[in-house]
Student: 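One structure, pasted below without further comment.
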Amino acid sequence: MDETQQRELALELVGAALGAVDPAQAVARHLRVEPAGSAPAVLWVDSHAYDLAAVERLLVIGAGKAGAGMAAAVEALLGARIAAGWVNVGRGYEPQRPLQHIQIHSAGHPLPDAAGLEGTRHILNLLDQLTAGDLVLVLLSGGASALLVQPAPGVSLGNLQRLTDALLRSGATIQELNAVRKHLSQVKGGGLARRIAHSDAQAAVLVLSDVVGSPLDVIGSGPCAPDPTTFADAWAVLERYRLTDSAPRAALAHLERGLRGEVEETPKPGEPFFAHVHHVIVADNRTAAQAAAARAAELGCQVHLLTTFLEGEAREVGQVLAALAKEQARYHRPLPRPVCLVLGGETTVTVRGAGHGGRNQELALAAALALHGWEDVLVVTLATDGVDGPTDAAGAIAAGHTVARARALGLEPWDHLERNDAYPLFAALGDLILTGPSGTNVNDLAFVLVF
């Protein structure tokens, strides 16, 4: 198999993975009305049934990069039964055509912005009109933490933007980042469920997971889930990354009030109102990883899905993936060639330089350096939302010849890695993965291919 064929096979795996987590199809697999098209009817959300004849009003709300596709699937099934709907989505993730019963509202990501704040106010206005006979469908996907934003009293949007940016640059994990965000918000960490509970309405939450292991309290900062973290946990995160001196004063003051017991904690497990909330995960990283593995097998590869819990510093994980490739290439284990090892999860980057790139591109560059000179090996990494960091690329393809090709163009890979500047290097080589915004988000995938 020549290099062009190897690359084409890699891109086949990318396509299979993304197709399996199409948000509209994922929702449709878990949502149905029986009997279809007649009344009275029952709405099934996975195995949970709602008698539509007993529902006074059906509302649809949500936030996330996959929100448009999820909303389209809900509207296609329920149509005029939807009394009102509002879903915040990231810019670039809008539907191709407007929906009839659900408003799609564009806002900023990964940093929250004024549009997200405005959209969240519309969602809260809808919830304030709820009564005990109503049913709320909540659509959550990756990006919801930034897109569903209502700061705690005394904390400004600018405070949240500065602190979020600092935590992202520090290399904080999504769990750490969201522990802080939940304690500076009125809607995260179960806050939205508490708002719904005032009316005794029912809520069904459809989740397209972008968090390793799919913990409900972390996905989208858990707006409808019990929050096991505390103000003390949030403060410990700031201490761990040495942000207690540089973080916005208003945010620190709010957390300090929480530590003293002057601010109510986020809702915890055991709160009675969570009995009114039903969660269903409609797709996750494992869904995408299994689809890629199945396609690799169809294309003649020996396949092993190693993990969907891949985490760590991107450049270090890149070296680990390169080690797997070397073991496979040298000793033909764990499988005979051609082989495809599939991994899923999400790495982090501690920003050291002012370069341009994302965690998947950085991972690929570190792998390329470790694989220098090895033949017939590829490490392919991508963000399933199609947007790796602040770039237009989903990820990159690294091979044993990547370093030599870069140096032939006058580029020094080590320098690019140190500056967090993987994007221009892979762009010059034509080895970026460019899918455009995929409309979905289930973390990242990596393929180790040895031919």
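Residue indices begin at 1 and follow the sequence shown.
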Student: Set out, in order, the CA-CA distance, both residues' side-chain angles and the distance that settles side-chain contact (heavy atoms from CB on, under 4.5 Å) for L163 and L238, then state yes or no.
Tutor: CA-CA 10 Å; L163 186 52; L238 299 188; 4.0 Å; yes

Student: So which heavy atom on N88 is nearest to which on G116, and how close?
Tutor: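 It is ND2-O, 3.7 Å.
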
Student: Output yes when a side-chain donor or acceptor of H279 lies under 3.5 Å from a complementary backbone atom of V205, and no otherwise.
Tutor: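 Side chain of H279 to backbone of V205, a donor-acceptor pair under 3.5 Å: no, none is there.
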
Student: Measuring from L59:CG to L137:CG, what's the distance to the nearest 0.5 Å?
Tutor: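 Rounded to the nearest 0.5 Å, the CG-CG separation comes out at 9.0 Å.
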
Student: Counting neighbours of CD on E298 that are heavy atoms of other residues, nucleotides or ligands and sit closer than 6.0 Å, is the number greater than 12?
Tutor: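 More than 12 heavy atoms, drawn from other residues, nucleotides or ligands, come within 6.0 Å of this atom.
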
Student: Considering only heavy atoms from C-beta outward, does the side chain of D444 approach that of T381 to under 4.5 Å?
Tutor: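 No. Closest side-chain heavy atoms not under 4.5 Å.
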
Student: Using side-chain contact (heavy atoms from CB on, under 4.5 Å), reason through D227 and K188 one step at a time and then give a plain yes or no.
Tutor: CA-CA 9 Å; D227 179 24; K188 296 176 173 60; over 6 Å; no

Student: Considering only residues two or more places apart or on different chains, which pairs with a residue in residues 304-321 satisfy salt bridge (charged side-chain N to carboxylate O under 4.0 Å, His left out)?
Tutor: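 Listed once each, the pairs are E313-R352, R315-E362, R315-E418.
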
Student: What's the spacing between H401 NE2 and D376 CG if we round to 0.5 Å?
Tutor: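 If we round to the nearest 0.5 Å, H401:NE2 and D376:CG are 9.0 Å apart.
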
Student: Could I get the full list of ring-ring contact (aromatic ring centres under 6.0 Å, His included) partners for H276, not counting sequence neighbours?
Tutor: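 With neighbours one apart ignored, the set is empty.
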
Student: Is the shortest side-chain heavy-atom distance between V74 and L31 below 4.5 Å?
Tutor: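 Yes; the side chains approach each other to less than 4.5 Å.
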
Student: With a 4.5 Å heavy-atom cut-off, do V187 and V149 have their side chains touching?
Tutor: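 Result no, sub-4.5 Å side-chain heavy-atom pair not found.
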
Student: Side chains of S106 and E94: donor-acceptor distance under 3.5 Å anywhere?
Tutor: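 A donor-acceptor contact under 3.5 Å links the two side chains.
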
Student: Check this for me, if you would: do D217 and K182 make a salt bridge, where the nitrogen-to-carboxylate-oxygen distance has to be below 4.0 angstrom?
Tutor: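 Salt bridge flag = yes for K182 with D217.
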
Student: Taking CZ in R194 as the centre, count heavy atoms belonging to other residues, nucleotides or ligands within less than 6.0 Å. Is the count above 12?
Tutor: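 Atom CZ in R194 is packed in, count exceeds 12.
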
Student: Between R91 and D113 (salt bridge meaning N to carboxylate O under 4.0 Å), is one present in this structure?
Tutor: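 Looking at R91 and D113, the cut-off is met.
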
Student: Measure from the side-chain N and O atoms of R337 to the backbone N and O of A329, and report whether any donor-acceptor pair falls under 3.5 Å.
Tutor: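 Yes.
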
Student: Begin from the C-alpha positions of Q328 and V448 and carry the test side-chain contact (heavy atoms from CB on, under 4.5 Å) through to its verdict.
Tutor: CA-CA 9 Å; Q328 183 64 59; V448 177; 5.9 Å; no

Student: For T173, does its backbone N or O pair with a side-chain atom of E176 as donor and acceptor, under 3.5 Å?
Tutor: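 A pair under 3.5 Å: yes.
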
Student: More than 12 non-hydrogen atoms from neighbouring residues, nucleotides or ligands closer than 6.0 Å to CD on Q96, yes or no?
Tutor: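 It does not: Q96 CD has 12 such atoms or fewer within range.
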
Student: Would you sort out whether D46 and W44 count as a side chain to side chain donor-acceptor pair (under 3.5 Å), showing the intermediate values?
Tutor: CA-CA 6 Å; D46 209 29; W44 288 90; over 6 Å; no

Student: Any side-chain heavy atom of N159 within less than 4.5 Å of one from P151?
Tutor: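 When only atoms from C-beta onward are counted, P151 and N159 do not touch, as no gap falls below 4.5 Å.
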
Student: Which pair of heavy atoms, one from Q5 and one from D2, lies closest together, and at what distance?
Tutor: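 That closest heavy-atom pairing would be N-OD1, 2.8 Å.
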
Student: Output yes when a side-chain donor or acceptor of Q302 lies under 3.5 Å from a complementary backbone atom of C340, and no otherwise.
Tutor: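 Not a single qualifying donor-acceptor pair exists.
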
Student: Would you say CZ of R32 has more than 12 non-hydrogen atoms from neighbouring residues, nucleotides or ligands within 6.0 angstrom?
Tutor: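 Yes.
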
Student: Do S209 and D284 have a side chain donor and acceptor closer than 3.5 Å?
Tutor: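 Distance-only check fails for S209 and D284.
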
Student: Between D385 and S438, is any side-chain donor less than 3.5 angstrom from a side-chain acceptor?
Tutor: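 Absent: no donor and acceptor within the cut-off.
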
Student: For L429, is there any backbone N or O sitting under 3.5 Å from a side-chain donor or acceptor partner on R405?
Tutor: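 Confirmed, R405 side chain pairs with L429 backbone.
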
Student: Counting C-beta onward and ignoring hydrogens, is there a side-chain heavy-atom pair between L417 and L369 closer than 4.5 Å?
Tutor: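 A side-chain contact under 4.5 Å exists here.
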
Student: How close do V303 and A296 get, heavy atom to heavy atom, and via which atoms?
Tutor: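 Scanning both residues, the minimum pair turns out to be CG2-CB, 3.7 Å.
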
Student: Do you know the tightest heavy-atom contact between P110 and A146?
Tutor: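 In terms of heavy atoms, the two residues are closest at O-CB, 3.3 Å.
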
Student: N178 versus S145: any side-chain heavy-atom pair under 4.5 Å?
Tutor: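 Yes, side chains in contact.
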
Student: What's the shortest heavy-atom distance between A289 and T308, and which atoms?
Tutor: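 Closest heavy-atom pair between A289 and T308: CB-CG2, 4.1 Å.
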
Student: Could you grab the distance from atom OG of S170 to atom CZ of R242, nearest 0.5 Å is fine?
Tutor: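 These two atoms lie 11.5 Å from each other.
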
Student: Just how far is it from atom CG of L9 to atom CE of M1, taken to the nearest 0.5 Å?
Tutor: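 Going from the CG atom of L9 to the CE atom of M1 covers 5.0 Å.
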
Student: Side-chain contact, heavy-atom cut-off 4.5 Å: I433 with V380?
Tutor: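 Contact flag for I433/V380 side chains = yes.
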
Student: Measure the CZ-CZ distance between F447 and R295 for me, rounded to the nearest 0.5 Å.
Tutor: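 Answer for the CZ-CZ pair, F447 versus R295, is 12.5 Å.
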
Student: Looking at every heavy atom in both P23 and G439, which two are closest together, and how far apart are they?
Tutor: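 In terms of heavy atoms, the two residues are closest at CG-O, 3.1 Å.
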
Student: Please report the C-alpha distance between L148 and I123 in whole Å, then the side-chain angles of each, then the deciding distance to 0.1 Å, and finally whether the side-chain contact (heavy atoms from CB on, under 4.5 Å) criterion is met.
Tutor: CA-CA 9 Å; L148 193 64; I123 289 171; 3.9 Å; yes

Student: About how many Å separate CD1 of I219 and CG of L208, when rounded to the nearest 0.5 Å?
Tutor: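 If we round to the nearest 0.5 Å, L208:CG and I219:CD1 are 9.0 Å apart.
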
Student: Judged by modelled atom types alone, do E346 and N285 share a side-chain donor-acceptor pair under 3.5 Å?
Tutor: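 No pair is found: no donor N or O on one side chain lies under 3.5 Å from an acceptor on the other.
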
Student: Between D388 and Y423, does any side-chain donor sit less than 3.5 Å from a side-chain acceptor?
Tutor: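 There is no such pair (donor and acceptor under 3.5 Å, judged by atom type) between the side chains of D388 and Y423.
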
Student: Counting only heavy atoms not in R407, do more than 12 sit closer than 6.0 Å to its CZ atom?
Tutor: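 Yes, because the 6.0 Å sphere around CZ of R407 holds more than 12 heavy atoms from other groups.
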
Student: Out of the candidates V342, L18, L449, only one should pair with L13 under the side chain to side chain contact (heavy atoms under 4.5 Å, CB included) rule; please name it.
Tutor: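 With L13 as partner, side chain to side chain contact (heavy atoms under 4.5 Å, CB included) holds for just one option, L449.
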
Student: Do the charged groups of D210 and K65 touch, with an N to O distance under 4.0 Å?
Tutor: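 Answer for the salt bridge query: no.
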
Student: Please examine the side chains of L206 and H30, heavy atoms only from C-beta on, and report whether any two atoms are closer than 4.5 Å.
Tutor: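 Result no, sub-4.5 Å side-chain heavy-atom pair not found.
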
Student: Is the H105 ring parallel, tilted or perpendicular to the H122 ring (thresholds 30°, 60°)?
Tutor: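 Rings of H105 and H122: tilted, as their planes differ by 30° to 60°.
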
Student: Does A398 offer a backbone N or O that forms a donor-acceptor pair with the side chain of T402 under 3.5 Å?
Tutor: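 Checking the backbone N and O of A398 against the side chain of T402, no donor-acceptor pair under 3.5 Å is found.
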
